[in-house]
Amino acid sequence: MNTHIYDAIVIGAGGMGSAAAYHLAKSGADVLVLEQFQRGHKFGSSHGETRIIRFFYDKPFYTELMKTAYAEWRDLESVSGKSLLFITGSVGFGAKGNPYGRATKQSLDAAGVESEWWNGTQLANRFPQFQGVEDMDVLWQKDTGFLRAAACTTTHLQLAEKHGATVREETPVTEINWQADVPTIQTENNQFQGRKIVVTAGAWAGILLTELDLPLTVTRQQVCYYQPTDIERFQPDRFPVFVESTPDGEFIYGIPAFGAFDAGGGLKIARHGRGETISPDTPDRTPDPDYIAHIDAYVQERIPELGKATHAEVCLYTETPDEDFIIDAHPQCANVLIAAGFSGHGFKFCALVGRIMSELVRNGETGFDIHPFRIDREQKISSGIPRLQG
Ligand SMILES: Cc1cc2nc3c(=O)[nH]c(=O)nc-3n(C[C@H](O)[C@H](O)[C@H](O)COP(=O)(O)OP(=O)(O)OC[C@H]3O[C@@H](n4cnc5c(N)ncnc54)[C@H](O)[C@@H]3O)c2cc1C
């Protein structure tokens with residue numbers, strides 16, 4: 001047994017854990033981060049070049065939280081001297097009167113966030129890259145953009161280390177003994193003690209906390225990349241983030257071209273949806289030809305100059321039934337704090353969740369409204385209005 005007692009042990013150095021480690025270490029806590037793989041690995045949910053950041057949600061509490069989340073990302077940029085957040089504006093479009101568009105507009109209005117209805121002709125005039133959109137309802141929101149996902153996680157972790165956090169890679173946690181006087185973490189070869197334990201284990205959270213039987217489902221998701229000949233027309237200053245709610249009840253979203261082509265960059269397009277349920281330890285990491293063909297067919301109709309996908313990648317969602325996060329203390333041990341179930345739309349909140357976890361560790365409470373994320377809430381099966389992840 002290592003006799004040192006840390007103020008906080010963070011399990012998992014993905015998007016959430018790295019942010020939590022940064023906020024904790026910055027506030028002076030003695031922090032240990034345990035990661036089962038190497039930092040920056042591609043087996044979880046936070047890898048890849050980009051993630052959408054947006055205010056638009058059909059649930060107003062997310063829009064409210066995003067006000068601080070944007071500010072936290074800007075802070076991170078200023079502290080690190082890196083450009084991590086790019087604003088492109090977004091168009092959300094679908095058949096006239098589609099309920100997701102209406103609910104989203106209401107939620108933005110309630111939060112005092114500007115947005116504008118366009119008709120399809122306005123969309124086609126402003127962004128002629130889109131074809132066949134003349135009959136659509138279009139919601140324009142100017143603050144949407146994307147985060148450089150992998151760079152954000154690396155930056156949080158590096159800054160955590162700069163503030164004194166210790167990061168141990170290739171150190172899987174096998175057990176959390178929260179019944180001990182001081183919570184004790186078991187790894188393959190060691191034990192570590194922490195006054196507080198922060199569980200940010202992504203798709204593995206349910207396995208690590210089996211006693212809680214958390215309502216988490218891990219699904220396999222895929223994204224396609226396009227590298228059109230005239231890439232200039234798809235740069236972030238000329239092409240927006242977009243989301244189409246299709247007549248089949250699907251959401252297809254896209255993020256402007258970003259990243260070096262030879263390093264896997266390009267314009268990202270994907271279908272949000274309930275992918276196949278899998279175990280996080282054994283997903284098939286080879287993208288499905290059928291999925292790529294489905295996205296190619298969409299692109300052929302909507303943005304034909306993109307051509308065909310050049311490559312695709314697999315990523316994991318960890319979903320709750322109502323698609324809302326879990327941010328709460330372990331019901332049997334207040335010293336174990338959990339942030340999980342980010343349901344395919346959590347990345348934009350990492351910087352804020354990191355701050356919230358640090359406040360929960362240090363003060364036992366946070367001023368942010370996290371009641372929708374309680375473990376013991378009545379989890380409703382997502383239904384009715386189809387909801388966008390991403
Ligand atoms: C295809 C795709 C597109 C997405 N698009 C968007 C988007 O546009 N916008 C958005 O906001 N969100 C998006 N998301 C969601 C977002 O990326 C996730 O919600 C977020 O990355 C989750 O972060 P996390 O820290 O919970 O998980 P992870 O980043 O996976 O981190 C969990 C970490 O814990 C480690 N770990 C697990 N178990 C153990 C253990 N026992 N011991 C030690 N370490 C352990 C893992 O190895 C991993 O590093 C998308 C997700 C996917 C998959």
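By convention here, the first residue in the shown sequence is residue 1. Order of listing sets the numbers, starting from 1, for every ligand and every atom in it.
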Can you tell which of [options] gets a heavy atom nearest to [atom]?
{"atom": "atom 19 (O) of ligand 1", "options": "F342, W204, F43", "result": "F342"}
{"atom": "atom 52 (C) of ligand 1", "options": "C315, A340, A69", "result": "C315"}
{"atom": "atom 20 (C) of ligand 1", "options": "G15, S46, G40, P172", "result": "S46"}
{"atom": "atom 5 (N) of ligand 1", "options": "R51, K348, H41, Q222", "result": "R51"}
{"atom": "atom 30 (O) of ligand 1", "options": "C152, S45, G14", "result": "S45"}

What part of [X] sits under 4.0 Å from ligand 1 if we count only heavy atoms: the side chain, the backbone, both or neither?
{"X": "Q36", "answer": "both"}
{"X": "F349", "answer": "neither"}
{"X": "V173", "answer": "both"}
{"X": "T171", "answer": "backbone"}
{"X": "L208", "answer": "side chain"}
{"X": "I207", "answer": "neither"}

Are R39 and E161 ion-paired here, with the side-chain N under 4.0 Å from a carboxylate O?
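Counted as a salt bridge, because a side-chain N and a carboxylate O are separated by less than 4.0 Å.
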SB check D288 R220 (cutoff 4.0 Å)
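Looking at D288 and R220, the cut-off is met.
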Taking the six-membered ring for Trp, are [X] and [Y] parallel (under 30°), tilted (30 to 60°) or perpendicular (over 60°)?
{"X": "W118", "Y": "W140", "result": "parallel"}
{"X": "H156", "Y": "Y22", "result": "tilted"}
{"X": "F373", "Y": "Y62", "result": "tilted"}

Using the side chain to side chain contact (heavy atoms under 4.5 Å, CB included) definition, which of the options T63, D143, D58 pairs with L108?
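Checked T63, D143, D58 against L108; only one passes side chain to side chain contact (heavy atoms under 4.5 Å, CB included): T63.
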Quick check: does [X] get an N/O under 3.5 Å from an N/O on ligand 1?
{"X": "L316", "result": "no"}
{"X": "I52", "result": "yes"}
{"X": "G346", "result": "yes"}
{"X": "Q221", "result": "no"}
{"X": "E35", "result": "yes"}

Closer than 4.0 Å to some heavy atom of Y253 - which atoms of ligand 1 meet that?
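That gives atoms 3 (C) of ligand 1.
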In ligand 1, which numbered atoms sit nearer than 4.0 Å to a non-hydrogen atom of G344?
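Those atoms are 6 (C), 12 (N), 13 (C), 14 (N), 15 (C), 50 (C).
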I need the minimum non-hydrogen distance between [X] and [Y], along with the two atoms involved.
{"X": "R374", "Y": "D328", "result": "CA-OD2, 3.4 Å"}
{"X": "A13", "Y": "V33", "result": "CB-CG1, 3.8 Å"}
{"X": "Y226", "Y": "G307", "result": "CE2-O, 3.5 Å"}

Do F130 and F242 have ring centroids that are under 6.0 Å from one another?
yes
R54 to Y57 six-membered ring, cation-pi geometry met (6.0 Å, 45°):
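Ring-cation test returns yes.
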